[in-house]
Amino acid sequence: MQSESARMSSAAEARYRINAPNSLPRAIKVIALDGPSEHVVKRLALARWNGATFFTATAFGSTPRKGESLVGWLNDLAGRTKNLIDEVNAADQVVMVATAGENVPVASLIGEACSLKRVMTTALIVGSAGKSDEALSKTLAQLRPWSLMLVIANAEEYIEDMLVALRA
Amino acid sequence: MLRKEQNDLLTKTGPGTPMGQMFRGHWLPALLAEELPENECPPVRVKLLSERLLAWRDTQGHLALTDEFCAHRGVSLWFGRNEHNGLRCPYHGWKYDHTGQCIEVPSEPEESGFCKKIKLKSYPLVERGGVLWTYMGPPEKQPPLPEWEFAMMPADRRFMSKRTQECNWLQAMEGGIDSSHVSFLHSGELDRDPLFKGSKGNQYNMGDMKPVFEVVESAGGLFIGARRNAENGSYYWRITQWVMPAFTMIPPRADHPVHGHFWVPIDDENCWAWSFDYKVTRALAEKEVAAMRAGQGIHVTYVPGTYRPKANKDNDYLVDRAAQKVGRTYSGVEGIAMQDASLQESMGPVVDRAKENLVSTDNGIIMARHRLLRALKAMGKGETPPGIDLAHQRVRSAAFVLPPDKHFKDDAKEALVVQTGREHVTV
């Protein structure tokens, strides 16, 4: 007689897998940290998403000081100012998008907020092809302390593939 | 998740499929050299990329990989007589040489030259590193022979085994780059398995159960870095290599042999898991080879006379619930290879990736799929897929400790490529 494992792992049995949704939409906040990334994020936002929303933090220019305000520099793509803590509170995951060689001090502010609220952070660095190791390292050094997953992708399209894979 | 059409694109590797075309651009491990041990030995059935083939070795030692079936009436040439520089069909005596060319049709007048009109499909078969490799693509695009480091080692410094796995190749390969499952599924093995235990890296592994991952594209595929806390704020890094489409190399532990895999489609519902171990500067110790033959490390023991694992789906993988309960094994299945294979086979022959719920730590898998899809698109425009260039094959996995401000891709660059005469960087 066939074992249960043999019987149940057959293609015939796969037809009886329950065909019902097994997850709820996730709230994924995608934040562009610099000018070039903002263009990428704006393009991404044109697609249809389940629970992804898109922001830009490019208004934040300098190294954050202690007690730096959490309002006034995070905007949605319509230009409306958003409160970082409110957005992080409502997030299942925050995705930070940066461009290799760009200065992204705002990562620490976003990362700290996510860390406090125990929200998963992913950082994506795009545009590294053709950039020097030093340029990449500079951006990397600002993102690494605040990312639980860090990806250096050659192609911008990876961001869309990743968000689709995560059911964003 | 992957849409159904994307899943189909990546999982189907038969003739005429895009993914099959990618595999056919590479030299693939087809058999162990030990399977054709001498001239005129019995032929061996081989199924690769959904093609039924026959491997054999003629009177003069020519290696052959030809269509399994006689061109006359479709008889399996596995029953053939391997004699006098050819394989003769036992049904009506048609005879083929190692290139698949028919050289005798006894019922036809020799002068008619009829046999010259008959030729079986055949592929080159060459030995390197104890493996018989084949190239199943167009002859005019045949790349140079593979130069994976293990295959370039003397025989006493390497060990290769293979086993069947009863699921699609992608399911198996994705297990090879899924670093986050190790702390769970294989947690019992780090301290027990003779090919793993005793490494300082194991302490870092068990001391930090929440690794942080960094996925970086390489020319041939991916570096998948797992970072754990080490002493004084430094990080313990383990870098897995994936080279497209089906090569994975696991980071080393202490002075143990370094190991890795090829995941080669047999058909769309089965694959070969090839498992290698090697050292660069010393012969493998007798006790290391004995452990590998005993199914430890990443190897398995077999159903006698086959390459099917002894623990398999027909015996419920010899699952031991008592061992699971007391924590001797995490899943109840013994051995790293079958711990992986049992779960991957349980997903079904080809898992429906439209139903999965990936999370951020799955970015290695997401990126691998993205790279494969991107390469397929580029192939459509005539580009050569990654992994064929010999430079892409001269890579290494590594394990090391770095200060927090250093990035492995730059600061451990040398550790990630072959360094002639030097061992892998390891902790």
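Quick note on labels: first sequence line is chain A, next is B, and so on, each numbered from 1.
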**Q** Name the region of A:Gln93, side chain, backbone, both or neither, that has any atom closer than 4.5 Å to a heavy atom of chain B.
**A** side chain

**Q** Of the listed residues (B:Glu217, B:Arg369, B:Arg3), which shares the most heavy-atom pairs with chain A below a 4.5 Å separation?
**A** B:Glu217

**Q** Which region of A:Ser128, side chain (C-beta onward) or backbone (N, CA, C, O), has a non-hydrogen atom less than 4.5 Å from a non-hydrogen atom of chain B, or is it both or neither?
**A** neither

**Q** Without swapping roles, check the side chain of B:Thr11 against the backbone of B:Asn7 for a donor-acceptor pair under 3.5 Å.
**A** yes

**Q** Is it the case that the side chains of B:Lys313 and A:Ser9 hold a donor-acceptor pair, with the cut-off being a distance below 3.5 Å and no angle test?
**A** yes

**Q** Please look at B:Asp316 and chain A and tell me whether the side chain, the backbone, both or neither of the residue comes under 4.5 angstrom of a heavy atom of that chain.
**A** both

**Q** Of the backbone (N, CA, C, O) and the side chain (C-beta and beyond), which part of B:Ser360 lies under 4.5 Å from a heavy atom of chain A, both, or neither?
**A** both

**Q** Between B:Trp263 and B:Ala172, what is the shortest heavy-atom contact and its length?
**A** CE3-CB, 3.5 Å

**Q** Under 4.5 Å, heavy atom to heavy atom: which of residues 222-235 of chain B reach chain A? Give them by number, or say none.
**A** B:Arg227, B:Tyr235

**Q** When you check the side-chain N and O atoms of A:Arg167 and B:Asn357, is any donor under 3.5 Å from an acceptor?
**A** yes

**Q** For chain A, which candidate among B:Asp362, B:Val350, B:Ile366, B:Val212 shows the most heavy-atom pairs at distances under 4.5 Å?
**A** B:Ile366

**Q** Using heavy-atom distances under 4.5 Å, tell me whether B:Leu2 contacts chain A through its side chain, its backbone, both, or neither.
**A** neither

**Q** Say whether, by atom type as modelled, one donor and one acceptor occur between the side chain of A:Ser147 and the main chain of A:Met149 under 3.5 angstrom.
**A** no

**Q** Using a cut-off of under 4.5 Å on heavy-atom pairs, state which of B:Val359, B:Ile365, B:Val319, B:Asn312 scores highest against chain A.
**A** B:Val359

**Q** Using heavy-atom distances under 4.5 Å, tell me whether A:Asn19 contacts chain B through its side chain, its backbone, both, or neither.
**A** both

**Q** Which of the residues A:Ile125, A:Asn154, A:Thr122, A:Leu166 is involved in the greatest number of heavy-atom pairs with chain B at under 4.5 angstrom?
**A** A:Asn154

**Q** Of the backbone (N, CA, C, O) and the side chain (C-beta and beyond), which part of B:Arg374 lies under 4.5 Å from a heavy atom of chain A, both, or neither?
**A** side chain

**Q** Given a strict heavy-atom distance threshold of 4.5 Å, which part of A:Arg7 is in contact with chain B: side chain, backbone, both, or neither?
**A** neither

**Q** Of the backbone (N, CA, C, O) and the side chain (C-beta and beyond), which part of B:Glu345 lies under 4.5 Å from a heavy atom of chain A, both, or neither?
**A** backbone

**Q** Heavy-atom pairs under 4.5 Å with chain A: which of B:Glu269, B:Met347, B:Lys210 has the most?
**A** B:Met347

**Q** Just say parallel, tilted or perpendicular for the rings of B:His407 and B:Trp237, cut-offs at 30° and 60°.
**A** perpendicular

**Q** Under 30°, 30 to 60°, or over 60°: which ring-plane class applies to B:Tyr236 and B:Tyr204, parallel, tilted or perpendicular?
**A** tilted

**Q** Measuring heavy-atom distances to chain A, does B:Lys355 have an atom under 4.5 Å in its side chain, in its backbone, in both, or in neither?
**A** both

**Q** Would you please say whether a donor-acceptor pair under 3.5 Å links the side chains of B:Asn270 and B:Asp267?
**A** yes

**Q** Using only atom types and a distance under 3.5 Å, with no angle test, would you say the side chain of B:Trp242 pairs donor to acceptor with the backbone of B:Glu174?
**A** no

**Q** Count the heavy atoms belonging to other residues, nucleotides or ligands that lie under 6.0 Å from NZ of A:Lys131, then report whether that count exceeds 12.
**A** yes

**Q** Quick one: which of B:Lys409, B:Gln6, B:Arg371, B:Lys406 has the most heavy-atom pairs under 4.5 Å with chain A, could you say?
**A** B:Lys406

**Q** Can you tell me which portion of A:Met162 sits under 4.5 Å from chain B's heavy atoms? Options are side chain, backbone, both or neither.
**A** both

**Q** Is there a donor-acceptor contact under 3.5 Å from the side chain of B:Asp268 to the main chain of B:Thr13?
**A** yes

**Q** Which bit of A:Ala123 comes within less than 4.5 Å of chain B, counting heavy atoms only: side chain, backbone, both or neither?
**A** neither

**Q** Considering only heavy atoms and a distance below 4.5 Å, find which of A:Glu4, A:Glu157, A:Arg17 pairs most often with chain B.
**A** A:Arg17

**Q** Under the 3.5 angstrom rule, does the side chain of A:Lys138 hit a backbone N or O of A:Gly101 as a donor-acceptor pair?
**A** yes

**Q** Identify which part of A:Ile18 has an atom lying under 4.5 Å from any heavy atom of chain B, answering side chain, backbone, both or neither.
**A** backbone

**Q** Taking every non-hydrogen pair under 4.5 Å, which of A:Ala14, A:Ala141, A:Ala153 racks up the most with chain B?
**A** A:Ala153

